[in-house]
Amino acid sequence: MRQSTFPTLLAGFVAVLVGYASSAAIIWQAAAAAGATREQIAGWMTALGIAMGISTLALSIRYRAPVLTAWSTPGAALLATSLPGSTLNEAIGVFIFSSALIVACGVTGLFARLMKLIPHSLAAAMLAGILLRFGLEAFAALPSHGLLCGAMLLAWLCAKAFAPRYAIVAALLAGLVICLATGQFQRVEASLAPALPGFTLPHFTLQSLLGIGLPFFLVTMASQNAPGIATLKASGYPVPVSPLMTFTGLTGLIMAPFGVFSICIAAITAAICQSPDAHPDSAKRWLASSAAGVFYLLAGVFGGAIAALMNALPLAGIQMLAGLALLGTLSGSLHQALSHETERDAAIVTFLITASGMNLAGISAAFWGLLGGGACYAILAAARKKRAG
C-alpha cells in the first residue's frame, strides 16, 4: 500500500501542475482582456481553484472514478480574443449564459444530439482559427526577445522529445531562469495570503451573448467536455454523461460572478490520473483524481501568488508559454478540420473567417466563421447530393 501511495499523490500533483503551467497564462490574458485588475485576476484564480477542487473531489468520490475537472483552455483563448471592448460585467454575463446552457444540456440529455448538429470539422476549424493568433504571437516575439523565447522553445523541444508530459513545465522553468538571470523578471508583491474572490454583477447584452457566449459554449462543449467524456470512456470508466454536465454546469453557474468562466471535464490532465502509473488497480485510480482535487484547493488558496507570477513574467514570455501550450491543440484541430476531403472547403472558410478577427455588427469572428462555414457546408452537401441523385 505504501508503494502505491506516492505515485498516486504524484499523479494528482502532476495533473494540476501541468494544467496550471499549460494555461494559467491564457487565463491571465482572458481576465486582462475583460478589464480585470491584478487583484481581481488573483480572485479569479482563487475561485477557479476552489471550484475545480470541490467538483473534482465530489465527482471522484461519488462515482469512484478518476473524474478530473478543469477550466476550458480553448474557451479561455476565445475569451482572450473576443472580450476586448466588453465590460467586466458583460464578461460575467457571458460566463453565466454559457454555464446555463451546459446545465440545460445535462438536464435535458441534449449534449450528444447538440454536438451532432455541428459538423466536427467546422468546430475544429473554428477552434484552430481562434488559436492561430496565440501561435503567431509566440514566434513573433523571437526577434526582440531571442534569449528568453529561444530558451523556452529549446526547453520545450527537449522535454517534448524525452518527457512530453513535462514539456510546458520545462518551458516555464526555462523562462523563469532566463528572467532571473537577465533581470527581466519584474518584482511584484506576491502575498501568500488567500486572494478573496470578489462578486461582479453580471450584465447581459444580445451582442455579447450571441457573439461571445454562444461560440464560447460551443468551444467548451466540443473541445473540452466531449474529449473529457471520451477519455473517461476510453480508459474504461463509463460514468453517466448527463449528471457530469449538470454538476459541472451548476458549479460554473454558481461561481461565475466570482470569475469562474467554466468548469469542464478534463481530458489531457485527467489522462494522467487514469493511467496505470497513477495506480496499478484501475478501481483505485479515483484516489489520484481526489488527490488532484486537494491540490486544486491548495492552488486556489495561493491564487494570488499564481496571478503575481503571471504579472512578473514579461509579456513575450507569457505569449511564448501560451503559444507552446496550445500548439498540440492547434495542430490537432487543423488535422481534424481538413482530414475529410468533402468538408475541407467549408472548414477552411470557417478557419479563415475566424482567424481574420473580423467584427461585424459587434459580433466576434468565431460566430461568423461558424456561420459562413456552415452555409458553405450546407450548399456543397446539397450540391453533391443532387449530383449523386
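For clarity, every value in this text was computed on a predicted model and none was experimentally measured.
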Visitor: With sequence neighbours excluded, tell me which residues meet ring-ring contact (aromatic ring centres under 6.0 Å, His included) with Phe95.
Guide: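 Partners of Phe95 under the ring-ring contact (aromatic ring centres under 6.0 Å, His included) test: Trp44.
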
Visitor: Any side-chain heavy-atom pair from Val16 and Thr269 closer than 4.5 angstrom?
Guide: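 They are not in side-chain contact.
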
Visitor: Please round to the nearest 0.5 Å and tell me the distance separating atom CD1 of Ile130 and atom CZ of Phe216.
Guide: 10.5 Å

Visitor: Keeping to residues at least two apart or across chains, list the salt bridge (charged side-chain N to carboxylate O under 4.0 Å, His left out) pairs with something in residues 123-137.
Guide: Arg133-Glu137

Visitor: Answer whether the closest heavy-atom distance between the side chains of Tyr20 and Ile27 falls below 4.5 Å.
Guide: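 A side-chain contact is absent here, since even the closest heavy-atom pair is not under 4.5 Å.
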
Visitor: Scan the side chains in residues 286-294 for donor-acceptor partners under 3.5 Å anywhere in the protein, sequence neighbours excluded, and list what turns up.
Guide:
residue	atom	partner	partner atom	Å
Trp286	NE1	Ala283	O	3.4
Ser289	OG	Ser60	OG	2.7
Ser289	OG	Trp286	O	2.9
Ser290	OG	Trp286	O	2.9

Visitor: What's the shortest heavy-atom distance between Cys264 and Ser72, and which atoms?
Guide: SG-CB, 3.8 Å

Visitor: Who pairs with Thr200 by side-chain hydrogen bond (donor to acceptor under 3.5 Å, both in side chains), at least two apart in sequence or on another chain?
Guide: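 Thr200 satisfies side-chain hydrogen bond (donor to acceptor under 3.5 Å, both in side chains) with no residue once adjacent residues are dropped.
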
Visitor: I need the Ile54 CD1 to Thr69 OG1 distance, nearest 0.5 Å.
Guide: 10.0 Å

Visitor: Considering only heavy atoms from C-beta outward, does the side chain of Gln224 approach that of Pro74 to under 4.5 Å?
Guide: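 They are in contact (side-chain heavy atoms under 4.5 Å apart), so the answer is yes.
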
Visitor: List in chain and number order the residues that pass side-chain hydrogen bond (donor to acceptor under 3.5 Å, both in side chains) with Ser99, two or more places apart in sequence or in another chain; answer none if no residue qualifies.
Guide: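 With sequence neighbours excluded, Ser99 shows a side-chain hydrogen bond (donor to acceptor under 3.5 Å, both in side chains) to no residue whatsoever.
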
Visitor: Can you name the ring-ring contact (aromatic ring centres under 6.0 Å, His included) partners of Phe258, sequence neighbours left out?
Guide: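 Only Phe199 meet the ring-ring contact (aromatic ring centres under 6.0 Å, His included) criterion with Phe258.
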
Visitor: What donor-acceptor contacts under 3.5 angstrom involve side-chain atoms of residues 245-253, with partners at least two apart or in another chain?
Guide:
residue	atom	partner	partner atom	Å
Thr246	OG1	Val107	N	3.4
Thr246	OG1	Ser242	O	2.9
Thr248	OG1	Leu244	O	2.8
Thr248	OG1	Met245	O	3.2
Thr251	OG1	Phe247	O	2.8

Visitor: Do Ser86 and Ile212 have side chains that approach each other closer than 4.5 Å (heavy atoms only, starting at C-beta)?
Guide: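 Ser86 vs Ile212: side chains touch.
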
Visitor: Can you list everything that forms a ring-ring contact (aromatic ring centres under 6.0 Å, His included) with Trp156? Sequence neighbours excluded, please.
Guide: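 If we apply the ring-ring contact (aromatic ring centres under 6.0 Å, His included) test to Trp156, skipping adjacent residues, there are no hits.
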
Visitor: Going by side chain to side chain contact (heavy atoms under 4.5 Å, CB included), name the residues that satisfy it together with Leu334, two or more places apart in sequence or in a different chain.
Guide: Ala128, Leu330, Phe351

Visitor: Under the salt bridge (charged side-chain N to carboxylate O under 4.0 Å, His left out) rule, what pairs show up with a residue in residues 252-265, not counting sequence neighbours?
Guide: none

Visitor: Quick one, Thr205 and Glu90 - any side-chain contact, counting heavy atoms below 4.5 Å?
Guide: yes

Visitor: Side chains of Pro197 and Met45: closer than 4.5 Å at any heavy-atom pair?
Guide: no

Visitor: Membership question, hydrophobic clusters at under 4.5 Å side-chain separation (ILVMFWY): are Leu136 and Met358 in the same one?
Guide: yes

Visitor: Are side-chain heavy atoms of Val219 and Met126 found at a separation under 4.5 Å?
Guide: yes

Visitor: What residues, two or more places apart in sequence or in another chain, satisfy side-chain hydrogen bond (donor to acceptor under 3.5 Å, both in side chains) together with Thr81?
Guide: none

Visitor: Using the test ring-ring contact (aromatic ring centres under 6.0 Å, His included), find all partners of Phe295 that sit at least two apart in sequence or belong to another chain.
Guide: Phe13

